[in-house]
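Report on the structure given below.
Order of the sequence lines sets the chain letters (A, B, ...), proteins ahead of strands, with each chain counted from 1. These numbers come from a predicted model, not from an experiment.
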Amino acid sequence: MTGTTAEGRIYDVAIIGAGVVGCAVFRACVLAGAQTVLLEKGGDLLEGASKANSAILHTGFDATPDTLEAACVQQGYALYREICESMNLSVLKTGAMVVAWTDEDLARFPAIVDKASRNGVPVRVLDAQQARQREPALSEDVRGAVLVEGEDLIDPWTAPMAYAHQAIANGGMLMRKARVEGGARQGDVWRLDVAGKPAVSARVVINCAGNYGDLVEAIARPSPFTITPRKGQFVVFDKTAYELFRTIILPVPTALTKGVVVTRTVFGNVLVGPTAEPQDAREFPTVDHDHLTKLREAAFRIIPALIEHDVTTTYAGLRPATQFSDYQIEALDGLGWITVGGIRSTGLTGALGIAEHVVGLYRAHFADPTPLADVVVPHMPNLVEDLPRPWMQEGRGPIACHCERVTEREIETALTDAVLPVGTLGGLRRRTRCMMGRCQGFYCTRRVMELAQTHLPGLVSPIGEGRHDA
Amino acid sequence: MHDVLIVGAGPAGVNAARVLRKAGVRNIAVLERTREVGGLPRYCGHTGFGMMDFGRVWRGPRYARALAASVADVPVLTDTTVTAIEPGGVVHVATERGLETWRARTVLLATGTRETPRGPRLVSGTRPWGVTTTGAFQEMVMKGLRPFERPVIVGTELVAFSALMTARHGGVRPVAMIEENARITAQRPADVLARLVYGTAVHLETRLVSILGGEKVEGVEIEHAGVRRVLPCDGVVFTGRFVPDAILARLSGITLDNGTHGPLVDSTFRTLDPRVFAAGNVLRAVEHSGMAAREGQRAARMMLRALSGRLPDVRKAVPVERGEGVASVLPQRLYPAPKGNVTLHARVAQARKGMLRLVDERGRVLAERRVHALPERRLELPLPASLLEGVAALRVEVV
Ligand SMILES: Cc1cc2nc3c(=O)[nH]c(=O)nc-3n(C[C@H](O)[C@H](O)[C@H](O)COP(=O)(O)OP(=O)(O)OC[C@H]3O[C@@H](n4cnc5c(N)ncnc54)[C@H](O)[C@@H]3O)c2cc1C
Ligand SMILES: Cc1cc2nc3c(=O)[nH]c(=O)nc-3n(C[C@H](O)[C@H](O)[C@H](O)COP(=O)(O)OP(=O)(O)OC[C@H]3O[C@@H](n4cnc5c(N)ncnc54)[C@H](O)[C@@H]3O)c2cc1C
């Protein structure tokens, strides 16, 4: 279903940006009955902010009450739980503890509890002993904790992939390598200029461009917000650390020293991060040795036994931050444009809620289509470590990646998927986890390249004459 | 119930199987997670393999074929991953038939070694395609795939020069090799050869600052004598810093040694789980394949003795600690015996000249030897096992 647009076709909706927000909005628009196209400049989905986050499904206990963000996060949280099972998406039940290390931290507990109750999220205060009873691996320095039972972990890639998958399976159109460079409104229709491709026409444009949100917004109007990407670096520990603890360990917010999160991942690792570093560059975030070293040391202070465990990898993500703390979502009446910007640090959770809100705006301001009747529901492959994976099954065929136990068939299936085939090596890794384990491709790069080379040209080239030991 | 299950069909595992089979042990199986027998040498295109076990010198793939042929009469199950070993010889196996539980009187861990990739080195920069390890690079070139044309090679252990050879065969021209220390880690004159034969300069006392590039590597920033500069390149090969692939041991709760990071073993190759033995490069990083092969054979002889209840009582083992200047020692437990010799292997973290010594708990020097120790090189200290009678604890040091 992916491919070039038929000449002269006018979509009801064109969404710019296939991050988690764009994917969720895509799904909601298609299911609402709008003819929708999703335009993504990258070679695959989730190449922007959504490529790297902490993967926490937030309750919104610490959101600023009565903001759009708080509302979308809470609705996104509820909607995710409602639909996840049907698409084979899972939730790793962990709960979270906001942990105090100092008197100052402890002094903030009443405010945290009060905010949570204003957001309608149940929390419970634990003393130091209770905190360590729940998580014996926590440092003895812990002074107390606010327990938020509802905070959980999800697979940050399969979820948005499922949204896009469902949209395409129900008639939505995805165009990758489709960078929107400009556009003009002619009568009731937007004509979007797409680099190297025919223009795309749509009655309504939805800007979900993440870290490029202000630049894309400028197509419609002078952007009321400016994006200053805020980088977050992470260190990933080996799966050997997974059993050390279960609960997500959160810092007390706004403490003097910048706290970090220590959490499991659904893939069976342990994660520490993120940093918060404003920067200008909008993509390709860097990691740096000093911050990584500090993160690792911070993790050791929180869970001392982590010192016995190896680092698997490091990464960084960019939050689409603006000068405002709340989401910037708005329908521009006469312009046929909906702005969805500044989805800074809760977009993974908020996406489904944002999508509902956006469809509401669409119906209120622009058109009121009939929702789809027979909806196709995709069944996504499971990458969650705690649940059965293909390598365990009879007739699985060879395993390509031994660290993450990814079968060759999983890789081939992802590369040739009829609805949403892999578009980049990153996309393949996010869909299968190949090359993501402790050896980082020492054992599997060659095999993955053999399988992927015809689908993902440009990664490797054939060696001609003069090759030794044929 | 198997008499012996061998995990890993590299030089160590295969050589162990050969010895056990020859000794008439019938109930053996070798379990190998890949599709082929041979372990790492399968993808080493250069020569130098087979001397120790076949008396011939071959290239890696030829050697791997010889290994496979030599165990034609032993059940070698490929595409079979051992996922855990429980005390009592319970072995969990993932096969094409699904998950199975096997039982064995003895198990040999021969799971090998690998290089340290970029992640655990906490290297700065972006994360583009084109950053790899020697092992992965050699495997790609062997299969006719070229991931880059002008890479930088990080490190100067022996394997880095092997990466250089691979590059040449693959039509890849490394722009430089970089090394933090003032001398290369491999034996000289490898660096001279690198420059003369391959036209690749070795930059000493040079640090990799960060990796540059978007989708693909575009360069590296390096620092020498406080000055930083950008070296354009399209790939980065992290070489060496080998680590034992001891994850199966670790996840199975088998005690690892803090020095070698491999399973803690005694001089009979036994781990602290008395049914489980270990041999080859899983014991420590890294030795040439001939050493791994020989250890496989020697471990197999010990397993034969274990099967007939002839190994020394584990309670009689004397622990060996790492003392001053010593990064690792192998084995970590020794047995006193009226006759015969034992050989300790030690390594240093930093270059060091002095006496390599084995000292007992009362400070008595049991054996010593003058050494000029360099990192990544094995130091051997042979001694008569009779010296260990009545000793409670041992320490190895370079002073
Ligand atoms: C370090 C970190 C930790 C986080 N942790 C969590 C967490 O635990 N839980 C949680 O809920 N959220 C978390 N988040 C937040 C979440 O990841 C973001 O809110 C979310 O990814 C934003 O998604 P997006 O779709 O708005 O942006 P993006 O993912 O950036 O998507 C925008 C897309 O638009 C494309 N694009 C841009 N310009 C154009 C153009 N001109 N034409 C075509 N396409 C274009 C881009 O290529 C990109 O793919 C975290 C974020 C970070 C960085
Ligand atoms: C890039 C590189 C170049 C080298 N060059 C040389 C050289 O020039 N000369 C030389 O002598 N040596 C060289 N070596 C070293 C040497 O080849 C290997 O270290 C040697 O093969 C070690 O033998 P081994 O049997 O201990 O392990 P390996 O050869 O690594 O074999 C281990 C086997 O165990 C299998 N395995 C691992 N875990 C499991 C599991 N859970 N279940 C089932 N199977 C499992 C693996 O698939 C593998 O086949 C090189 C190594 C590398 C990486």
Side-chain angles (χ1 to χ4, degrees), chain A residues 43 52 235-236 238-240 283-293 295-296 310-316 391-399 402-403 405 424-426 435 437-447 449-450 453 458-470, chain B residues 33-35 43 45-46 59-62 78-79 81 83 94-99 114-115 117-129 131-133 135-137 139-147 149 165-166 168-172 209-211 213-216 243 245 247 250-251:
Chain A
V235 171
V236 182
D238 194 287
K239 287 180 186 321
T240 54
E283 52 188 14
F284 303 124
T286 54
V287 289
D288 73 87
H289 186 83
D290 293 347
H291 276 103
L292 297 173
T293 306
L295 281 177
R296 193 172 53 168
D310 294 332
V311 169
T312 290
T313 190
T314 63
Y315 66 92
W391 66 267
M392 301 171 176
Q393 280 147 24
E394 193 184 340
R396 57 157 159 84
I399 292 175
H402 292 284
C403 299
R405 303 214 176 109
T424 60
L425 181 60
M435 302 170 76
R438 59 179 68 87
C439 89
Q440 291 283 297
F442 176 87
Y443 292 117
C444 72
T445 305
R446 185 268 304 171
R447 188 66 190 128
M449 288 304 128
E450 283 177 344
Q453 59 180 333
L459 295 173
V460 288
S461 58
I463 297 170
E465 306 292 80
R467 178 183 137 211
H468 70 96
D469 207 288
Chain B
R33 66 186 184 181
T34 70
R35 188 136 270 206
Y43 302 111
H46 48 278
R59 289 185 171 171
R62 177 67 190 83
T78 54
D79 281 325
T81 304
T83 58
T95 75
E96 285 239 51
R97 298 174 302 278
L99 303 183
R114 60 176 174 80
E115 293 164 288
R118 180 228 179 123
R121 297 176 186 234
L122 304 186
V123 172
S124 303
T126 53
R127 302 176 63 250
W129 165 242
V131 179
T132 187
T133 45
F137 175 50
E139 202 175 320
M140 281 188 271
V141 169
M142 173 75 57
K143 294 290 178 166
L145 302 174
R146 181 164 44 204
E149 294 184 357
M165 280 192 266
T166 303
R168 185 176 167 95
H169 289 299
V172 170
V209 178
S210 68
I211 295 174
E215 302 291 347
K216 290 194 177 178
V243 288
D245 200 338
I247 191 67
R250 178 160 189 173
L251 292 173

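The structure places CG of Leu251(B) at 10.0 Å from NZ of Lys239(A), a figure rounded to the nearest 0.5 Å. A distance of 7.5 Å separates CD of Glu215(B) from OG1 of Thr424(A), quoted to the nearest 0.5 Å. One finds the CZ atom of Arg35(B) at 10.5 Å from the CD1 atom of Ile399(A) (value rounded to the nearest 0.5 Å).
Most heavy-atom pairs under 4.5 Å with chain B, from the set Val235(A), Val236(A), Asp290(A), Thr312(A): that is Thr312(A). Ranked by heavy-atom pairs under 4.5 Å with chain B, the list Gly441(A), Pro285(A), Gly395(A) is led by Gly395(A). Ranked by heavy-atom pairs under 4.5 Å with chain A, the first of Met140(B), Arg97(B), Arg250(B), Arg121(B) is Arg250(B). Ranked by heavy-atom pairs shorter than 4.5 Å toward chain B, the options Arg438(A), Arg296(A), Met449(A) are led by Arg438(A). Chain B forms more heavy-atom pairs under 4.5 Å with one residue of Arg405(A), Gln453(A), Glu283(A) than with any other, namely Arg405(A). The candidate from Thr95(B), Val123(B), Val131(B) with the greatest count of non-hydrogen atom pairs under 4.5 Å with chain A is Thr95(B). Note: Thr240(A) leads Thr445(A), Asp310(A), Thr240(A), Leu425(A) in heavy-atom pairs under 4.5 Å with chain B. Contact count versus chain B (heavy atoms, under 4.5 Å) is highest, among His402(A), Gln393(A), Met392(A), for His402(A).
When heavy atoms are compared at a cutoff of 4.5 Å, Asp238(A) approaches chain B solely by way of its side chain, counted from C-beta outward. Proximity to chain A (any heavy atom under 4.5 Å) is restricted, for Thr133(B), to the side chain, taken from C-beta onward. The parts of Leu99(B) that come within reach of chain A are both its backbone and its side chain, each placing non-hydrogen atoms under 4.5 angstrom from that chain. Proximity to chain A involves both the backbone and the side chain of Arg114(B), based on heavy atoms less than 4.5 angstrom apart. For chain A, the nearby part of Pro117(B) is the side chain; its heavy atoms alone come within less than 4.5 Å. Only the side chain of Tyr43(B) comes within less than 4.5 Å of a heavy atom in chain A; its backbone stays farther off. Both the backbone and the side chain of Leu459(A) come within less than 4.5 Å of a heavy atom in chain B. At a 4.5 Å heavy-atom cutoff, the contact between Ile247(B) and chain A is made by side-chain atoms alone. With a 4.5 angstrom heavy-atom cutoff, Glu450(A) touches chain B via backbone and side-chain atoms both. Both the backbone and the side chain of Arg33(B) come within contact range of chain A, each with at least one heavy atom under 4.5 Å from a heavy atom of that chain. Heavy atoms of Arg118(B) lying under 4.5 Å from chain A belong exclusively to its side chain. With a 4.5 angstrom heavy-atom cutoff, Thr83(B) touches chain A via backbone and side-chain atoms both.
Taking both residues in full, the closest heavy atoms of Thr126(B) and Thr286(A) are given as CG2-CG2, 3.6 Å, listed atom of the first, atom of the second, then distance. Glu96(B) and Gly397(A) make their closest contact through OE1-N, 2.8 Å (heavy atoms, listed as atom of the first residue, atom of the second, distance). Across all non-hydrogen atoms, the minimal contact from Phe442(A) to Glu139(B) is O-OE1, 4.2 Å. Contact record, Gly119(B) with Thr314(A): O-CG2, 3.8 Å, taken as the closest heavy-atom pair. Across Leu145(B) and Arg446(A), no two heavy atoms sit closer than the pair CD1-O, 4.2 Å.
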>> Using the rule given for side chain to side chain contact (heavy atoms under 4.5 Å, CB included), can you reason through Tyr443(A) versus Asp245(B), listing the C-alpha separation, both sets of side-chain angles and the distance that settles it, and then say yes or no?
In response: CA-CA 11 Å; Tyr443(A) 292 117; Asp245(B) 200 338; 2.7 Å; yes
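Remark: Thr293(A) engages His289(A), Glu297(A), Leu122(B) in a side-chain contact (heavy atoms from CB on, under 4.5 Å) (not counting sequence neighbours). With sequence neighbours excluded, no residue forms a side-chain hydrogen bond (donor to acceptor under 3.5 Å, both in side chains) with Ser124(B).
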